[in-house]
Each structure stands twice: as structure tokens, then as C-alpha cells.
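Quantities reported herein were computed from a predicted structural model and do not represent experimental measurements.
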Amino acid sequence: MEAHIASTTQVTSRFQDFWGVFRKNYMGLVGLGMLVTAIFVAVFAPVLSPYDPSSTQDVTTGDIYNAPSVDHWLGTDDAGQDVLTNFIFGARVSLTIGFFAAFISLVIGGVFGIVAGFYGGRTEEVLMRFTDIMLVIPDLPLMMVVIALTKPSIFNIILVIGLLYWTTTARVVRSQTLAVKSRKFVLRARSIGAGKGHIIRHHILPLVMPILVVQAVLVVSSAVLAESTLSFLGLGDPTALSWGQMLNYAFGRGAMSTGAWWALVVPGFGIVWVVLGLTLLGQGLEQVLNPRLDTHHLMPSRPTVKSEAAQRSSEKSLLEVKNLSINYISEGKPPARAVENVSFTLKEGELIGLVGESGCGKTTLMLGLLRLLPSAGQIVSGQVYYKDQEITALSDEELNKIRWRNVSIVFQGAMNALNPVRTVGDQIAEAIRKHLPDFPAEKLPARVSELLELVGITSEHKDYYPHQYSGGMRQRAMIAMALACEPQVVIADEPTTALDVMVQAQILDLLDQLRKKLGLAIIFVTHDLGVVAEICDKVLVMYGGVTAEYADVDTIYNSPSHPYTQELLKAFPDLTKPKKKLVSIPGYPPRLDALPAGCRFAPRCPLAFARCHTEQPALHELGDTHIVSCHLVEAPK
């Protein structure tokens, strides 16, 4: 009972919030008013009409095409009947056909578009080729043929229009679905174990709805116009008087030749009124359903301690990566070797920094650890162990039990990783509901508030949308979401990207505090060597998809052995050496589908010699925790 009351209250609150925004949209209000007026006229036609539309009593030839008067405000038609009465009752037929035909079209087109866009592959090919075939068939001639071969009736007209007007909706919805499913918040939903049905309902459909609203406007408008066209051509239901049928009778029975303009203008005005009203309403709704950035609410950092620090063990390994290789496969092109033979070990409470230039395979490696790679990405060799479980050999169902409960991820670009049409608190709660189904529903809001306060966001912000958060707050919210199910390993993929220096410092300090308080093990992907020096225990330097150097942070900064690591440090400012001249690395990282022979850094390396351009160096162990991939470190034979 309490849950039902809470649900009803939430729905009421959302409607009030929606209305509070919508009523400020004057274009939408005008459209809503026009549509409500038309529907009101149709519903209360018997009350509003001055005459009975089926009555021909006392009609004489002198009543035909009479001009507007006190008795007949909008004149009479060719049968001597009141045009206003016919107009009011005609609204019922035109609106009924328009809305029901649009509903059929939206259901068919929406299902085709979402299924084709989301599942892709052969399913998309079959559905979209069928859509293309239907799209090239002229709608009006086909409708004329079908209606002519069947008994003209309201049901047949609705069915024919509905079955022929879905193709544009399918193509538009498919395009929107393709765009949405590649967004990071969908990847984040996959990473917390959400199934395809859940993703479609809760992440794809809400962002497709604005498109469906616009299409509803277009299809209802098109359906009303299509019915008017069919009726004008004499293919409408002869037993039901619609606005199109009124136009047909007026043109066919000499309204133009007698100057009875009112017989044409009145039904035409009704059609234009409804189409214009729907258009204005649809555009207004689209603006409201797509949250827009009004103001930023920048909150100061207020980290709050909520639990005691876990005991840190430097001996036990949580995550172990052995010779992992990942390729991107494109038909007709050589594979892009994004990651090749990369190995590292992450222990409890440890923070490993993963550094390198853009395009060196860092993000691909992180996505590969949780098997969140795009369809073209394939793990071709190697193993990833979480404790004693080999992740690369698990089924999707088994892997979902590890994702987020044991290993979670903070995606790069927090705004893209949050669904813009759902509140931040709801998205954090989603992870808990998916992985902790026994968690008491009544305690869920308190848990969300606790997580947000843990990362320095006040609890009242849980009902805010992502666009109402500042950049730093969104990144903090993503960290809170990563901690929702109390994982042991957190992957942070460049969590400070696009943030200003002060906010970056707050985020980094927050991550370090949470690691110490909660005993987290963290993999931190970054370009900033200063960040690595400040908070990391170990560093993995990647270049061209391979390991350049792997060692503890002191070794990397004080005695780097790989030329790439040395060049990175030369390009990084050192405040203890203000007169140090910064040196950039010439050139760019190699294309992963056209790698150079030999060492991948050789074309840019100032110390390269002949062997570097022909033979790829092996991984050399210079100590227990120091690995370098370079010919220069080989012991002389």
C-alpha cells in the first residue's frame, strides 16, 4: 500500500514538474489549446450543434447553398443542411481516423526502428530492406486501389493509412536508436548487467520518445490529410460525414460555380486548424521532453566519512591481466591491433596509473577488462583474472555478476555516461536494483543520498537531471554510481577530462580518499604525469598498444628506462626545476592498422638504431616490478 502511494505521489510530482515547464512554452500551449478545442467540439457535438445532421425535414430547394445568416451561421450546403452542424460532427470522423491511423503507424514504425537500430546485423538488414521497399511504393495510388477493392468504411481507411504511413517513422526512429545505443550511458547500463529489454525500455525508449512525438504530429496530420484526399476522390465512407467528405460534396455539386465559398472554406479551416495545432503542440512537447541547460548548480566539495577504512593487503591480487591482445576487425581491412600482449597485476588497495598518448590503447584495454568492447573489438588472446575467475571465458550472465558488484567503471566524459532524461538518483538506484535485488526498496532513496554525500553532493540533488549538475558534480555522481554496489576494483577512465584545474584536484583528492577509506583498488587512466606522481603506486606506460614500461611510481619518475617514458617526462613541467626546458615528442602515435616494423616507437625515438626498425623488442625484467620493452636495456652477450 505504501509503495502504491509512493508511486502515485511520484507520478503526480513528475506531472507537476512537466506542467511547470510546459506552461512556459507558449507555442506548445497554443497548439494544445487548438487541439483541445477540436477534441471538445468532436466529443460534445450533439450538445454544440444547432441542428440534427440526419434530419432533412422542411428542407426545400430554396435552402440550398444559402449564405451565412442568423439561422445558419456558416450557411447551408447542397442538401440544404446546416454547414456548422456538419462541420461539428465531421470533426468526430476526421479526428478518429487521424488518431487511430497514427497510433497504428507509430507502433509499427517504432517497433521496426528500435529493433533494427538496437540489434543491428541481419535483423536490421531484413527490416530496413522491407521498409525501403514499402517506402518507394506510392502511398496515395496504393491506398486508392486498396480502398476501391474493399468496402469503403472508417475501419478500412484507418487500417490502410496506418499500414502504409509507418515507413518514415521506422527510418527516423532507427537513426535515433543507432545514435543513442552508442552513447556511454548505454555502455554503462550494459556494464551494470542490464539486459537488452531493460536497456530498450529504460534508456533507448525515453530518448526516442521526443522523435515519436514529432512523428505522431506528422502522422496524425498526414492521416487527416490522407482521409480528406480519399474522401475528396469519392473513396470515403459514404455513411460517415467527415471534413474530406464535405469538400467532396462541395466540389462535386457545384459550390464553386454558385459562389458558395463557405461550403469549401469551413471544412478546409477545420483541417488546417487541427494540423497546425498538432504541429505547434508537437514542437512544444519536443522542447520540454528534451531537458535544456538552464543553470549550473556548482556545489563545493564536502567529502563525508561514512565507513571505516578496509584493511589493505599488499600481497593478495584482485585483478591479473596476462598477455591480453585486442583487435578491431573491419571487413576488407587489416585488423587494428589496439592492444597486444599487455600484462599487469592489481592488488588490494593499490592504485595503478595507466598513461600514454591518445590512440595508444588505454581505453580499449579498460573496456576489454569488462568485455564492454564495441562489436568490432575482439579479444584475440590472453586472460583476465578477477581473483580465481577467468573473465574472458565467462558467459554474459556470469560476467554480469562480476560487473559493478566486484569491478565497476567510471567512464570518460560523465555527461555522455548519464542518461539526460533520467534523474541522477534514479540512475544510481538502477545499479543497486540490478545487482542487489534483495535490497529493501524503502531504503533505496537513503542509500542513494548516502552515496552522493560520500562524494560531496548534498542529498537533495539526487532528483536533479544531469544537465542541472556542473561538470565536477557529474563526475562525482559517476564515482558515486561506481561505488553503489561496494565493488573492490574501480576503473577510472580519464575521470578529470575537460574539467578545470581546481575541480580536477577535487576529483583526484576524492578518489584517493575513497581508496584509503574503503580499501578500493583503482586503475586510473590519464594523460597527466603529475597526477600519476601524486596518487599512484604503480605505472603502466603504453605506446602503440603495447607495454613500453611497467614499474612502481618512484622508478618511473627517478630512473625511467624506456625512451618513450623519458620523452614523456621531458614534456612534463617540473615545479622543482623552473628553468627546465620542455621538449615535445615529434610526430604522432602509429596507426594501429598500419604499425611500423620493429619497435613501434622507433620512428619517433631519438635513440633508435637499425635493429629498432626491424625487430620488435621483447619485454625485459629489470627487477621484480620493473618491465621494459626496449632493445637498449638488454644485457650485453
Side-chain angles (χ1 to χ4, degrees), residues 29-101 152-155 157-158 220-221 223-281:
L29 283 177
V30 171
L32 178 62
M34 295 175 69
L35 183 61
V36 168
T37 300
I39 295 175
F40 179 84
V41 168
V43 172
F44 295 99
V47 178
L48 298 175
S49 61
Y51 299 96
D52 182 356
S54 61
S55 175
T56 58
Q57 187 177 4
D58 300 328
V59 175
T60 65
T61 56
D63 295 322
I64 296 175
Y65 287 140
N66 282 344
S69 63
V70 175
D71 294 329
H72 301 283
W73 290 2
L74 298 179
T76 61
D77 61 9
D78 63 287
Q81 292 183 320
D82 184 62
V83 171
L84 177 59
T85 298
N86 290 342
F87 171 79
I88 292 174
F89 278 92
R92 284 186 160 187
V93 178
S94 295
L95 291 177
T96 298
I97 293 175
F99 281 106
F100 277 96
S153 66
I154 292 179
F155 177 79
I157 293 174
I158 290 174
V220 171
S221 304
V224 171
L225 292 174
E227 184 279 328
S228 301
T229 302
L230 291 172
S231 296
F232 177 76
L233 295 174
L235 296 173
D237 188 345
T239 64
L241 186 64
S242 66
W243 290 335
Q245 198 72 277
M246 292 177 67
L247 288 174
N248 173 40
Y249 292 155
F251 270 102
R253 298 176 183 178
M256 291 293 293
S257 59
T258 60
W261 53 266
W262 53 89
L264 300 169
V265 171
V266 172
F269 172 79
I271 295 172
V272 172
W273 179 273
V274 170
V275 172
L276 179 60
L278 284 166
T279 302
L280 295 176
L281 175 61

For residues 41-49, please give each side-chain donor-acceptor pair under 3.5 Å, one per line with the distance, not counting sequence neighbours.
residue: S49; atom: OG; partner: A45; partner atom: O; Å: 3.0
residue: S49; atom: OG; partner: Y51; partner atom: O; Å: 3.4

Taking all heavy atoms of [X] and all of [Y], pick out the closest pair and write down the distance.
{"X": "F232", "Y": "F251", "result": "CE1-CD1, 3.2 Å"}
{"X": "A240", "Y": "I154", "result": "CB-CD1, 3.7 Å"}
{"X": "L247", "Y": "G268", "result": "CD2-N, 4.3 Å"}
{"X": "V274", "Y": "A38", "result": "CG2-CB, 3.9 Å"}
{"X": "M256", "Y": "L264", "result": "SD-CD1, 2.9 Å"}
{"X": "A101", "Y": "A223", "result": "CB-CB, 4.0 Å"}

Just how far is it from atom [atom1] of [X] to atom [atom2] of [Y], taken to the nearest 0.5 Å?
{"X": "M246", "Y": "I271", "atom1": "CE", "atom2": "CD1", "value": "9.5 Å"}
{"X": "L278", "Y": "W273", "atom1": "CG", "atom2": "CH2", "value": "12.0 Å"}
{"X": "T96", "Y": "I158", "atom1": "OG1", "atom2": "CD1", "value": "7.0 Å"}
{"X": "L32", "Y": "I39", "atom1": "CG", "atom2": "CD1", "value": "8.5 Å"}
{"X": "D77", "Y": "L241", "atom1": "CG", "atom2": "CG", "value": "8.0 Å"}

Legend entry - Verdict with supporting geometry, L74 and D82, side-chain contact (heavy atoms from CB on, under 4.5 Å): CA-CA 7 Å; L74 298 179; D82 184 62; 5.9 Å; no
Legend entry - Side-chain donor/acceptor of S94 to backbone N/O of A91, under 3.5 Å: no
Inset, instruction - Using atom types as modelled and distance alone, determine if a side-chain donor or acceptor of T76 lies under 3.5 Å from a backbone N or O of Q81. - result: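 Not confirmed, T76 side chain does not pair with Q81 backbone.
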Legend entry - Non-neighbouring partners of W262 that pass ring-ring contact (aromatic ring centres under 6.0 Å, His included), sequence neighbours left out: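 Once residues adjacent in sequence are excluded, W262 has no partner under the ring-ring contact (aromatic ring centres under 6.0 Å, His included) criterion.
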Inset, instruction - Start with the C-alpha gap between N248 and R253, add the side-chain angles, then the distance that decides, and say whether side-chain contact (heavy atoms from CB on, under 4.5 Å) holds. - result: CA-CA 8 Å; N248 173 40; R253 298 176 183 178; over 6 Å; no
Legend entry - side-chain hydrogen bond (donor to acceptor under 3.5 Å, both in side chains) pairs, two or more places apart, involving residues 224-237: E227-S231, E227-S242, D237-T239
Inset, instruction - Just do the side-chain contact (heavy atoms from CB on, under 4.5 Å) check on L280 and M34 with the steps written out, would you? - result: CA-CA 9 Å; L280 295 176; M34 295 175 69; 4.1 Å; yes
Inset, instruction - Indicate the ring-plane relationship of W243 and F87, choosing parallel, tilted or perpendicular according to the 30° and 60° boundaries. - result: parallel
